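The figures here come from the full heavy-atom set of this structure, side chains too, leaving out hydrogens, waters and symmetry mates. Below, chain A is the first sequence line, B the second, and so on; all start at residue 1. Fair warning: this is a prediction, and the values are worked out from it, not measured in the lab.
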Protein chains: 2
Amino acid sequence: MSEILENKPAVFSTIADTVCSKLQNAIVEGIIPAGSKISEPALAIEFGISRGPLREALSRLEACNLIERTPNVGARVVSLTPQHLVEIYLIRESLEGLAARMAAENMSDKEINELDELLEKHQQQIKQDQSYYQKEGDMDFHFQIVKGSKNSHLIDMFSNDLYHLIRLYRYQFGMVSNRVQRAFIEHGHIVDAIRQRDGELAQFLMSRHISSSRKNVEKMLDEHLTITD
Amino acid sequence: MSEILENKPAVFSTIADTVCSKLQNAIVEGIIPAGSKISEPALAIEFGISRGPLREALSRLEACNLIERTPNVGARVVSLTPQHLVEIYLIRESLEGLAARMAAENMSDKEINELDELLEKHQQQIKQDQSYYQKEGDMDFHFQIVKGSKNSHLIDMFSNDLYHLIRLYRYQFGMVSNRVQRAFIEHGHIVDAIRQRDGELAQFLMSRHISSSRKNVEKMLDEHLTITD
DNA sequence: TATGTGTTAATTGTCGACAATATTGATGAT
DNA sequence: ATCATCAATATTGTCGACAATTAACACATA
């Protein structure tokens with residue numbers, strides 16, 4: 001974990017902002033490994049900044065649950081447990097179900113069309129390059145729905161907290177899902193429900209969609225654990 | 001807003017911690033009024049600390065949505081809109097419904113008994129001193145259910161974010177609810193469902209319980225708005 | 001009077017140094 | 001050899017000062 005500071009245009013005004021953003025990516029992509037300790041002096045030198053803005057960045061990382069801090073001891077990158085992953089899936093079932101319902105009520109026709117375009121783009125990607133779709137494309141879709149809910153607090157929770165954690169888990173566990181095709185179809189049905197302004201149906205479909213993912217993950221974890229343990 | 005720094009035992013290790021906690025209360029209770037600008041130098045002097053730990057405290061307040069910061073400009077106490085309040089109620093319907101279901105699955109018998117004792121304590125308070133129950137007692141109950149879910153991320157979301165916002169709104173809008181008696185009864189039914197380990201019912205009852213509150217709030221806001229506007 | 005501009009003042013962002021706490025390693029006793 | 005104690009080291013928490021940016025104000029102009 002040495003070259004964290006390059007690439008990414010990201011034109012933020014304050015140092016803490018840009019460093020926070022870079023650290024988010026570094027953690028999510030595993031460049032800074034899970035469970036590893038974070039040394040403030042070392043990181044400050046690596047970024048060529050003082051510890052002031054670095055600590056502010058760390059505060060935000062703590063807020064989005066990417067690191068854990070203990071007073072007078074320091075910060076560690078969060079280490080993920082399967083149990084915690086399931087917890088997050090359960091929350092998503094509930095919260096994104098709500099998001100889908102509200103999206104059906106509040107999205108503009110234009111936004112719904114854009115959702116369609118997104119799905120079409122995904123279909124292309126699935127044919128050529130499955131890996132990208134699994135890692136990021138699926139997230140794009142879910143994020144769009146959440147934004148479509150127009151519930152600012154919901155959007156906030158998602159983008160400051162769940163979004164990064166979900167990405168982290170996906171990179172961490174690799175999740176070469178056998179559900180890619182199936183998930184894509186379910187996405188289509190959800191958009192259909194939203195277009196028909198059927199909030200209840202959209203909620204039900206979204207909730208079940210994530211629930212299926214959860215059960216799939218639980219199954220994979222079970223199998224893996226019974227092998228290794 | 002002058003004597004913010006006294007009272008409350010709260011033995012935290014770091015200055016940022018204790019100041020953050022004090023500011024949370026000061027904002028929630030309206031000692032620092034909603035929408036007001038926060039001056040770092042002024043607050044630092046008032047607390048007798050430097051701006052370093054103060055800024056860390058502010059970061060956390062931003063994370064729990066009690067203040068809003070704009071780079072190079074400063075921080076303001078969040079100003080509440082009825083619309084935003086409804087957004088939060090919708091999130092609670094969803095999230096606390098989940099919490100109730102998981103509580104029915106995961107709470108120990110001992111914890112359920114403690115819930116009962118809490119309800120009994122509330123009954124006393126309603127008879128004598130309605131105001132406390134409305135402001136804090138109701139919150140206690142909901143918090144216990146969330147904790148009972150044993151879903152650490154859910155607990156986290158509630159205690160770092162929603163909890164303070166809900167208290168803030170309650171202090172802000174005063175909410176002399178006509179639903180106190182009704183709400184208390186509903187709490188009882190929820191506990192019954194949890195004791196019977198009927199997760200689905202607990203979820204349904206909790207969701208509807210909060211939904212009723214929301215509709216009540218919407219009605220009151222409607223009436224108030226049609227008078228003032 | 002209203003509006004735009006430039007200067008001053010105030011506030012936020014950043015830095016480096018010091019104090020307080022925790023970790024590490026060595027030393028000695030059981 | 002194991003464990004406890006203590007010194008040395010490193011890390012985090014806090015502070016005060018400086019730099020960069022924004023807000024406030026006076027002044028000139030239409």
Whole-Å distance between [N] [atom2] and [X] [atom1]?
| X | N | atom1 | atom2 | value |
| --- | --- | --- | --- | --- |
| B/K37 | D/dA23 | NZ | C1' | 10 Å |
| A/E40 | C/dA17 | CD | P | 17 Å |
| A/I45 | D/dT12 | CD1 | P | 12 Å |
| A/N72 | C/dA19 | CG | C1' | 11 Å |
| B/L43 | C/dT11 | CG | C1' | 13 Å |
| A/L54 | C/dC15 | CG | P | 10 Å |
| A/R76 | D/dT11 | CZ | P | 13 Å |

Just verifying a value: how many Å separate B/I32 CD1 and B/Q24 CD, rounded to the nearest 0.5 Å?
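It comes to 11.0 Å.
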
Between the side chains of [X] and [Y], is a donor N or O closer than 3.5 angstrom to an acceptor N or O?
| X | Y | answer |
| --- | --- | --- |
| A/D138 | A/H187 | yes |
| B/S59 | A/R55 | no |
| B/H164 | B/N65 | no |

Let's see if you can work this out: which of [options] has an atom nearest to the side-chain heavy atoms of [X]?
| X | options | result |
| --- | --- | --- |
| A/I15 | D/dC15, D/dT22, C/dC15 | C/dC15 |
| B/R55 | D/dA23, C/dG13, D/dG13 | C/dG13 |
| A/V73 | C/dT23, C/dT14, D/dT14 | C/dT23 |

Please determine if a side-chain N or O atom of [X] lies less than 4.0 Å away from the OP1 or OP2 oxygen of [N].
| X | N | value |
| --- | --- | --- |
| B/R51 | D/dC15 | no |
| A/S39 | D/dA10 | no |
| B/S13 | C/dT21 | no |

Have a look at B/G74 and say if it touches a base, only the backbone sugar-phosphate, or nothing, with a 4.0 Å heavy-atom cut-off.
sugar-phosphate

Could you say whether A/P53 or A/P71 is positioned toward the 5' end of DNA chain C, judged by the nucleotide with the nearest heavy atom to each?
A/P53

B/R60 and B/D17 ion-paired at < 4.0 Å
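B/D17 and B/R60: salt-bridged.
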
